[in-house]
There are 4 protein chains.
Amino acid sequence: MTHPIIDADEIVPLRYLDGDLAQAARRVGTQLAETAVQRDRVGGTAKAERDLIRASGLLGAWVSRELGGAGASFPELLEIVRLWSRVDSSLGHVFGFHHLLLATCQLFGTPDQWRPLHEQTVQQRLFWGNALNPLDPSTTITKLGDDFEVSGTKSFSSGSVDSDRLIISATDSSTKKLVVAAVPTNRPGIDVLGDWDNIGQRQTDSGGVRFERLLVKRSEILASPGPLGSVHAGLRPLFAQLILANVYLGLAEGAWLDARAYTKSKARPWPASGLASAREDPFNLHKYGDFLTASEASRALVDRAAELLGQAFARGDALTPAERGRVAVAVSLGKVTATRASLLVTSSIFEVMGARSTSERLRLDRYFRNARTHTLHDPVDYKLKELGQFALLGELPTPSFYS
Amino acid sequence: MTHPIIDADEIVPLRYLDGDLAQAARRVGTQLAETAVQRDRVGGTAKAERDLIRASGLLGAWVSRELGGAGASFPELLEIVRLWSRVDSSLGHVFGFHHLLLATCQLFGTPDQWRPLHEQTVQQRLFWGNALNPLDPSTTITKLGDDFEVSGTKSFSSGSVDSDRLIISATDSSTKKLVVAAVPTNRPGIDVLGDWDNIGQRQTDSGGVRFERLLVKRSEILASPGPLGSVHAGLRPLFAQLILANVYLGLAEGAWLDARAYTKSKARPWPASGLASAREDPFNLHKYGDFLTASEASRALVDRAAELLGQAFARGDALTPAERGRVAVAVSLGKVTATRASLLVTSSIFEVMGARSTSERLRLDRYFRNARTHTLHDPVDYKLKELGQFALLGELPTPSFYS
Amino acid sequence: MTHPIIDADEIVPLRYLDGDLAQAARRVGTQLAETAVQRDRVGGTAKAERDLIRASGLLGAWVSRELGGAGASFPELLEIVRLWSRVDSSLGHVFGFHHLLLATCQLFGTPDQWRPLHEQTVQQRLFWGNALNPLDPSTTITKLGDDFEVSGTKSFSSGSVDSDRLIISATDSSTKKLVVAAVPTNRPGIDVLGDWDNIGQRQTDSGGVRFERLLVKRSEILASPGPLGSVHAGLRPLFAQLILANVYLGLAEGAWLDARAYTKSKARPWPASGLASAREDPFNLHKYGDFLTASEASRALVDRAAELLGQAFARGDALTPAERGRVAVAVSLGKVTATRASLLVTSSIFEVMGARSTSERLRLDRYFRNARTHTLHDPVDYKLKELGQFALLGELPTPSFYS
Amino acid sequence: MTHPIIDADEIVPLRYLDGDLAQAARRVGTQLAETAVQRDRVGGTAKAERDLIRASGLLGAWVSRELGGAGASFPELLEIVRLWSRVDSSLGHVFGFHHLLLATCQLFGTPDQWRPLHEQTVQQRLFWGNALNPLDPSTTITKLGDDFEVSGTKSFSSGSVDSDRLIISATDSSTKKLVVAAVPTNRPGIDVLGDWDNIGQRQTDSGGVRFERLLVKRSEILASPGPLGSVHAGLRPLFAQLILANVYLGLAEGAWLDARAYTKSKARPWPASGLASAREDPFNLHKYGDFLTASEASRALVDRAAELLGQAFARGDALTPAERGRVAVAVSLGKVTATRASLLVTSSIFEVMGARSTSERLRLDRYFRNARTHTLHDPVDYKLKELGQFALLGELPTPSFYS
């Protein structure tokens with residue numbers, strides 16, 4: 001049994017996934033597709049689907065084989081994110097960010113910290129949530145004996161509800177520096193608010209998390225090299241940006257792959273066209289040509305960025321600032337094109353389907369609502385400006401949590 | 001008390017409305033604005049707001065003074081449609097179409113038919129609904145003694161629920177010609193389904209109407225000159241298209257006028273901009289400049305078309321095909337630009353507000369959902385093709401229900 | 001005898017010109033068209049055509065009847081600029097700027113200064129050239145007894161070669177303020193370099209003018225109210241910007257009106273279209289529809305701005321800053337849309353004609369080269385930013401030589 | 001000594017060329033750059049530069065090592081085309097088409113035909129010209145004893161002047177089928193008209209060739225498999241399209257790499273920006289970001305297509321229609337994006353440089369004139385329609401001389 005959007009290899013083939021991993025990813029993707037419309041309607045936490053992902057074993061997809069994972073490469077992992085985002089960009093996003101948080105442990109912490117965390121993630125099928133938000137300075141961390149105490153509230157904590165572990169950030173009240181730690185979600189002092197209710201990405205649980213005198217152990221703080229504490233640690237935001245890009249691109253692909261069936265079976269030729277079928281309409285075909293072109297142009301850049309990110313990650317502490325900078329440029333190119341492709345395609349698909357495609361039963365606007373919501377993560381104009389600084393002046397992006 | 005979107009004359013002044021009519025239009029517009037977000041959430045029939053419009057007396061806005069109406073010109077009437085559509089494009093649409101249906105009586109019928117209908121509309125505050133759909137051939141009309149009987153189902157019957165009168169269309173079972181009639185909505189044999197549930201224009205009640213052996217009297221049939229039965233009658237679709245254009249343009253204006261307050265009070269400057277406020281951001285300002293430019297360019301064309309339509313309407317049977325053709329070109333120019341402006345602005349406003357503007361509480365995506373839904377009424381590409389036939393070959397549009 | 005581009009009223013009718021003025025404008029336009037291709041090839045000064053304009057009497061078109069002119073309104077004058085720019089945007093530009101310089105005398109000087117200058121312009125058929133460039137601070141003016149002496153070099157002095165009078169600007173060496181004066185071009189100390197050789201607007205003679213100890217009499221200095229010396233004087237840059245907008249728009253109109261004949265008579269249908277003629281091609285027609293839409297949307301704004309400018313000019317010293325500001329916004333809307341329309345149309349016309357239309361014999365690229373060159377006068381992005389400041393913050397443009 | 005456009009690896013690195021081939025390509029590219037502006041001015045045949053290419057040995061770049069060539073891969077060869085097109089798209093084009101004609105011998109003819117032709121090309125440094133034009137049916141071939149006779153005139157014969165060999169096409173007067181042959185240019189009966197004089201691609205010598213009873217030997221006719229005579233032979237138009245795409249892309253890259261120096265050293269900040277330098281201007285940087293994004297997105301697709309073409313070529317007669325079809329889709333994606341990138345960048349670079357960049361001395365409009373002329377080779381809208389047929393219906397392009 002194949003799914004028209006998940007198994008569209010004839011038109012948009014998978015490029016990296018293969019074998020068991022591909023099969024598992026397709027199976028979960030198909031299951032997500034079945035209920036995606038209804039779940040977009042109700043919003044909230046996709047508990048059943050999150051458990052389905054847990055059960056699939058894919059939470060360990062990118063964890064090394066040595067630690068029990070599937071050892072997926074960056075391109076493979078991101079292709080799963082993209083594939084799922086075609087039908088469910090909320091779960092595509094939290095699945096991608098789960099891996100970002102695993103990578104955060106590895107990039108900001110020591111092997112003694114991240115290796116057991118990776119191992120436990122596979123064994124116990126732990127789902128990680130995000131409470132790291134560098135633009136939100138209101139949460140503070142204070143020394144309390146040998147350990148620490150965190151208080152404050154985080155916004156945009158994607159994947160926080162129903163998570164098993166959280167990556168949190170706080171501002172050191174004495175040094176004003178950002179501190180990042182990995183903690184169990186069920187620890188007393190953590191209140192996951194579950195208050196996300198937005199026009200798009202409705203099941204990412206990107207609401208608030210309140211910390212009230214939360215105990216954080218010294219060993220849970222990822223301090224060596226710490227947040228952006230080395231060139232290699234500076235790959236973290238690039239991985240984050242590339243997950244976003246793959247979610248956007250998945251939305252673009254999903255939107256027009258979904259529209260295809262409608263155009264072919266239900267759309268009616270416009271009387272003034274004099275044509276027998278909407279599938280012959282030159283303007284419709286021109287638009288499908290545009291959808292393919294926008295998607296494939298972005299895909300080529302996004303995939304290249306994933307390969308470069310994988311190579312840079314493997315370089316470890318040998319990675320130079322210039323090498324990281326080149327990856328940053330590649331990631332930004334992917335992100336800018338995916339932003340544009342997703343907005344173009346998701347807002348235009350209705351034109352190749354016609355007025356009846358606006359039925360609430362289909363909720364085909366969810367592609368646009370998801371793309372529109374997620375592409376606001378950080379402003380694309382500043383990514384373009386940064387790319388311009390490279391193109392004009394040869395300046396590589398300065399590492400930050402957004403570039 | 002002024003409303004930031006309805007009373008934005010400092011930025012986008014009203015150009016035609018004045019005096020009592022302006023005051024009444026603003027008052028209703030402000031009242032519609034108060035509940036628009038919540039009503040977009042629930043959909044269905046805006047019974048209270050429809051009654052508010054009834055009570056305002058504005059259902060007779062365009063009816064001649066002689067027959068008890070306010071005698072508004074086409075530009076004045078359409079400015080009300082646009083003004084309301086800034087905050088509530090569903091009611092802007094049904095209010096506009098109410099007047100289209102009054103005009104339909106006048107354009108397709110005889111003075112003996114339309115004069116009393118106009119008069120009753122004012123006196124009894126009748127709200128007209130639309131069950132005329134030339135693309136839907138399944139409804140038939142058959143002779144039954146001196147009168148007629150209609151059976152079948154109409155789709156896209158905007159404003160049908162809670163209407164007092166309906167304009168209906170049916171195919172004559174013997175001649176295969178389109179027949180149009182004006183009937184009371186509460187007549188036995190009419191079943192207004194109230195089944196409209198779409199992603200946008202959620203309170204237009206554009207669902208189905210089923211006719212089961214509905215009696216239609218000979219005197220109710222608008223047969224002289226009949227549908228598109230004269231050059232003058234051919235103004236009907238132009239009025240319809242211009243109502244659409246004003247709804248689109250109202251959506252564009254409303255969207256960015258609504259975004260203003262947010263950008264000024266809540267949007268945060270992007271850290272990489274180095275600016276103290278989002279209101280100084282060059283990319284934000286550039287986008288607001290684009291919003292204004294797109295809106296004003298379209299407004300200039302839409303207003304010119306309204307003036308020409310008014311002149312053409314006043315010409316009565318002296319109107320020549322060439323004169324009508326020039327109005328059709330003007331209307332199409334307005335429609336194409338309004339389509340583009342509404343899609344551009346309503347999909348982009350989020351970029352000048354930032355990620356938090358996607359909150360479900362604000363439902364700011366309704367501008368896009370409304371614009372997207374309504375701009376599919378008929379394909380803009382075929383309008384452009386038609387304009388091209390004029391620009392290249394000097395050919396004026398052939399009268400039809402869409403041009 | 002009619003000309004397909006000048007007499008295209010069937011498609012793009014003149015809206016203001018009428019009677020003798022229209023006839024004279026059409027006649028000169030047709031004559032300019034005859035040699036425009038060849039003159040674009042050789043560049044330099046269009047001496048014969050400038051004399052033809054002199055002979056037409058149109059150098060006094062906008063001068064009041066009282067002073068011997070034709071008393072054309074701003075919309076009428078600008079319609080001549082636009083009409084000529086369809087076929088020859090160089091002469092359209094210098095003709096427009098000739099009137100700008102007459103208006104400069106009136107706006108910056110006293111009635112005792114400008115009235116005789118206007119009168120002489122009509123009687124002696126004087127052609128005015130521009131050597132006012134506020135961005136070029138290198139020319140200085142120094143007191144010399146009762147009079148003054150000017151030295152330095154001006155760039156971008158459009159219409160300087162073969163001119164009879166010049167408006168010049170210089171920086172007062174003591175006060176550092178801008179001083180503007182009207183002088184005869186043939187006065188010793190003025191060296192018109194005639195060194196303009198650019199990719200577009202090749203016959204505007206926009207090269208340099210060198211002043212070497214040029215004597216300027218006190219009575220020639222336009223000091224009361226002086227440059228931008230009053231609200232009314234601040235209309236000067238708005239007139240300048242609106243001339244530019246009309247040149248751009250003329251280029252857009254001329255380009256596609258010129259392409260029409262080619263598409264209809266010479267363009268071949270693309271084999272894969274399966275059509276008998278290029279004039280039926282849906283993509284060609286769609287593009288012509290776009291050309292018309294872009295032109296007409298801009299024309300509506302440009303014309304409205306001309307009407308507002310005329311009203312503001314007539315207000316004299318009663319003009320308020322807010323009134324001027326509203327005209328500035330209207331002018332900017334016209335300029336932005338004309339910039340975009342001209343670049344879109346002039347770069348795209350080839351697509352509706354095909355590969356053979358690139359022949360050097362036709363030089364159809366001159367429309368683009370002219371539009372590209374002239375639209376760089378001042379950056380359109382800053383016009384959009386300024387419009388954004390109005391749209392977002394309600395701020396009217398600060399008067400300057402560019403806004 | 002490095003050249004800022006040819007040796008821009010810091011920003012746009014070469015991806016395939018290496019070693020001697022890279023060095024030779026860069027050396028010739030730098031030499032072409034030196035005189036490109038002046039040669040664009042005069043047009044005609046670039047005799048000295050063609051001889052320079054002959055002398056470089058690069059006419060055998062893609063010929064197999066076995067036959068004396070450099071054995072360059074498709075991606076390597078096309079990277080030379082692109083590199084040269086950055087500075088001289090005329091010679092980039094004829095150099096690419098020279099190799100297309102060598103490939104034509106191989107794809108349409110027998111090993112006994114093409115192997116000696118390839119060998120002689122290397123040994124004698126033969127430059128091939130094109131007189132194959134499938135849209136031009138007026139040239140006929142007739143049997144004449146054992147051999148044939150060709151009469152008629154071909155248009156758009158790129159590289160015909162100063163060529164050593166020609167590929168010609170003619171219609172068989174009895175079968176009406178297209179016949180293709182390889183002949184020496186200096187054979188009696190061939191009159192190379194040298195009449196190309198167009199607005200762009202001015203040194204491609206794409207004028208006419210007249211045949212007057214030209215003797216063509218049976219052995220010179222490429223009849224087995226003949227034109228598009230097998231799936232493998234159907235790769236010929238894909239190679240042609242990919243050469244075009246690389247020329248377009250080279251123009252885009254060259255244009256903005258050329259603009260960089262100007263923006264950095266000569267462009268002035270706009271006064272209203274309040275900035276000290278044009279290189280900090282946010283709108284300038286945004287545009288450079290756009291230039292890079294458009295170029296790199298296209299480059300990724302164009303390079304992928306070149307790799308796929310190489311693989312398909314190597315498959316020989318084992319190549320399946322479906323495999324060829326997938327290459328055709330990849331090539332079209334490259335072509336569409338390169339078309340758009342080249343038009344966008346070459347028409348916009350002036351905006352990041354300012355008004356003075358329009359000087360005739362610089363002739364920076366040549367990038368646009370070249371892109372505009374060459375992108376009309378076949379209509380991009382029909383490429384998009386074809387891509388739409390794949391995206392919507394899964395239909396692979398039908399082999400023709402354009403797809």
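In what follows, chains are A, B, ... by sequence order, proteins preceding strands, each numbered from 1. Because only heavy atoms are used, hydrogens play no part in the values below, and waters and symmetry mates are left out as well, while side chains stay in. Just so you know, these numbers come straight off a predicted model, no measurement behind them.
- For a residue to count as touching a neighbouring chain, one of its non-hydrogen atoms must lie under 4.5 Å from one of that chain's; by this rule B/R260 touches chain C with backbone and side chain alike.
- Interface check for chain B: of the options C/G289, C/A261, C/A259, C/A330, the most heavy-atom pairs under 4.5 Å are formed by C/G289.
- Residues B/R326 and C/I11 approach most closely at NH2-O, 4.0 Å, considering heavy atoms.
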Side chain to side chain contact (heavy atoms under 4.5 Å, CB included) assessment of B/N284 paired with C/L392: CA-CA 9 Å; B/N284 279 354; C/L392 174 61; 5.6 Å; no
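- Nearest heavy atoms, C/A297 versus B/T337: CB-CG2, 4.3 Å.
- Atom CD of C/E280 sits about 9.0 Å away from atom NZ of B/K385, to the nearest 0.5 Å.
- To the nearest 0.5 Å, atom CD of residue C/Q389 and atom CG of residue B/L285 are 5.5 Å apart.
- Contact annotation for B/R299: neither backbone nor side-chain heavy atoms come within less than 4.5 Å of a heavy atom of chain C.
- The shortest heavy-atom contact between C/A391 and B/W256 is O-CZ3, 3.6 Å.
- Top candidate by heavy-atom pairs under 4.5 Å with chain B, chosen from C/L257, C/L292, C/V12, is C/L292.
- Here the NZ atom belonging to B/K383 is positioned 11.5 Å from the OG1 atom belonging to C/T293, to the nearest 0.5 angstrom.
- Highest contact tally toward chain B, considering only C/V336, C/T263, C/D381, is held by C/D381 [criterion: heavy-atom pairs under 4.5 Å].
- In plain terms, the two heavy atoms of B/A300 and C/L301 that are nearest each other are CB-CD2, 4.1 Å.
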